[in-house]
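Before any comments, here is the structure.
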Amino acid sequence: MEEHLNKSKISGDIFRFLYLNKQSSRQEIAQSLGISLPTTTRNLNALQESGFIENAGEFQSTGGRKAIRYQCVANSRYAIGIDITRNHLSIVLIDLALNIIDNTRLRIPFHESHDYFCILKQEFEKIVSKNIPDRSKLLGVGIALPVIIGEDHKTVTYATVIPLSLNIYNFFSDYIHEPFLFFNDANSAGLAESWKGDYKDAVAYLSLSSSIGGAYMNNKMIYGGSNNRGGEFGHMTIIPHGKRCYCGRYGCLDAYCTANVLTDFTEGNLKEFFDILKSGTNRGIQNIFEDYTDYLAIAVNNLRMCFDCDVILGGNVGAYMADYIEDFREKASKLNPFERDGSYIRVCHYRTEAAAVGAAIYYIDQFIQNF
């Protein structure tokens, strides 16, 4: 029994090493993990026979026999992420390498009703049946919501963006029969960004969508705070006694920098706003964006002062910021008493579906850690 447990641990160590390093040789694995070549070979063969790793070709020769490259099989397991917003439903299927295998996005207002959840279940089953013949390969379902989640990831402790009842987890369980948990949408988006960018150091993620949220992460781990409210950047006060926020207070970042601040002038169409802005033909649109980035610069500078780390602009607005990032860096740097280099401000990798991907990552991470 002890020998079996030891073999399982070695296999797990090898699998995790390959997952983190993408590809590696037998010799490098043995040397890095401090195990013998015969033991490494036996475990590599077992992992290969089980379908978890594969031969990825050969490394360039350094004078002797070419070393075989090994890598994890990305489609050996899957996870699904669901992102529920006030007016949209997104479902994303990812593999172990975080590749988006399939996804769907519907414009549908959220209602805690049988009709809404029947649509959710129908779209969910379409993706599963189309892509995963062996349902045992589906690790679980992460559900991203614009709410504050309890530590058990099954309860909602604060919800104003969308209305949810106290027994919402039980309501979901009537329609989704795989393991599932709830996650805050902005935290999930930040987690997806942290994994995609492979950030080893601390990073702050600012989600700029129909509401403002965010996440503070270190080595791909989210800091949730004492009450699981870490990263609620949308409720930083940036203008004392300013505009009224949906939370009932005044001057919150959320009142100044949601996507709606921009789309109110283009009938809800963010792409149209940025198309007009890029054309340079509408001075009114340019002024709106100038005001928007003025307030955003205050928030970004506050995050830099608090955390002294890179700040990533994400969410729906962040997806369009690449064309304006240099000007914005200059604007934010003028508020910074310590530095004039704004390169710490970055644009998100995920232009869409970051929250859904991040919610699914929980199950990928659990699988890797517990392999």
Side-chain angles (χ1 to χ4, degrees), residues 16 19-22 81 98 142 144 146 148-149 151 153 183-209 211-238 252-254 257 293 295-315 317-319 321-322 325-326 328-351 354-362 364-366 368-369:
R16 280 184 288 275
Y19 187 82
L20 292 173
N21 292 279
K22 311 303 182 188
L98 310 190
I148 295 176
I149 306 296
E151 288 188 11
H153 289 282
F183 300 91
N184 173 266
D185 58 347
N187 281 352
S188 295
L191 187 64
E193 190 64 33
S194 182
W195 278 57
K196 184 71 173 178
D198 197 25
Y199 293 108
K200 299 293 194 301
D201 298 323
V203 63
Y205 177 85
L206 186 58
S207 178
L208 305 165
S209 294
S211 62
I212 303 286
Y216 173 69
M217 295 152 294
N218 201 335
N219 196 24
K220 303 181 183 178
M221 299 285 291
I222 291 175
Y223 172 72
S226 300
N227 301 289
N228 224 29
R229 293 195 292 267
E232 285 296 321
F233 303 142
H235 298 292
M236 294 189 297
T237 302
I238 61 165
C252 294
L253 175 63
D254 202 290
C257 286
T293 52
Y295 295 122
L296 183 60
I298 295 172
V300 168
N301 186 61
N302 287 346
L303 294 178
R304 181 67 168 177
M305 293 302 102
C306 288
F307 300 116
D308 193 25
C309 67
D310 285 1
V311 178
I312 302 172
L313 304 179
V317 176
M321 286 298 293
I325 193 61
E326 291 305 328
F328 181 71
R329 283 170 173 164
E330 183 177 349
K331 181 176 287 192
S333 293
K334 289 178 180 178
L335 302 176
N336 190 320
F338 305 115
E339 54 193 339
R340 288 291 173 263
D341 179 11
S343 61
Y344 70 88
I345 305 170
R346 302 177 178 232
V347 178
C348 58
H349 289 84
Y350 281 105
R351 302 297 193 256
V357 171
I361 280 176
Y362 169 84
I364 301 293
D365 186 40
Q366 289 293 300
I368 302 301
Q369 296 305 321

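A 4.5 Å side-chain heavy-atom check between Asn336 and Met305 finds at least one atom pair inside the cut-off. No side-chain heavy atom of Phe233 sits less than 4.5 Å from a side-chain heavy atom of Val311. Side-chain contact between Leu253 and Leu206 is present, with at least one heavy-atom pair separated by less than 4.5 Å. Side-chain contact between Ile148 and Glu232 is present, with heavy atoms from C-beta onward closer than 4.5 Å. Put simply, the side chain of Val300 reaches to within 4.5 Å of the side chain of Tyr344, judged on heavy atoms. Between Leu191 and Asp365, every side-chain heavy-atom pair lies at or beyond the 4.5 Å cut-off.
Between atom OG1 of residue Thr237 and atom CD1 of residue Ile298 there is a gap of 12.0 Å, rounded to the nearest 0.5 Å. Rounding to the nearest 0.5 angstrom, the gap separating the OG atom in Ser211 from the NE2 atom in His235 is 7.5 Å. Here the CD1 atom belonging to Ile361 is positioned 5.0 Å from the CG atom belonging to Leu98, to the nearest 0.5 angstrom. Note that CG of Leu313 and CE of Met321 are 5.5 Å apart. Values are rounded to the nearest 0.5 Å. Considering CD1 of Ile345 and CG of Asp310, their distance stands at 9.5 Å, rounded to 0.5 Å. The CG atom of Leu208 lies 10.0 Å from the CG atom of Asp254; values are rounded to the nearest 0.5 Å.
Heavy atoms only, all atoms of each residue included: Ala354 and Tyr205 are closest at CB-OH, 4.4 Å. Residue Met236 comes nearest to Ala299 through the heavy atom pair CE-CB, 3.9 Å, listed as atom of the first residue, atom of the second, then distance. The shortest non-hydrogen separation linking Ala202 to Cys309 is O-CB, 3.4 Å. Closest approach of Cys257 and Tyr295 over heavy atoms only: SG-CB, 3.8 Å. The two residues Tyr199 and His349 come nearest to each other via the heavy atoms OH-CE1, 3.8 Å. Between Phe183 and Ala359, the shortest heavy-atom distance links the atoms CE1-O, 3.9 Å.
For Glu339, the CD atom sits in a packed shell: over 12 heavy atoms of surrounding residues, nucleotides or ligands are nearer than 6.0 Å.
Between Glu326 and Arg329 there is a salt bridge, since a side-chain N of the basic residue sits under 4.0 Å from a carboxylate O of the acidic one.
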Could you tabulate the donor-acceptor pairs under 3.5 Å formed by side-chain atoms of residues 212-227, not counting sequence neighbours?
| residue | atom | partner | partner atom | Å |
| --- | --- | --- | --- | --- |
| Lys220 | NZ | Asp198 | OD1 | 2.7 |

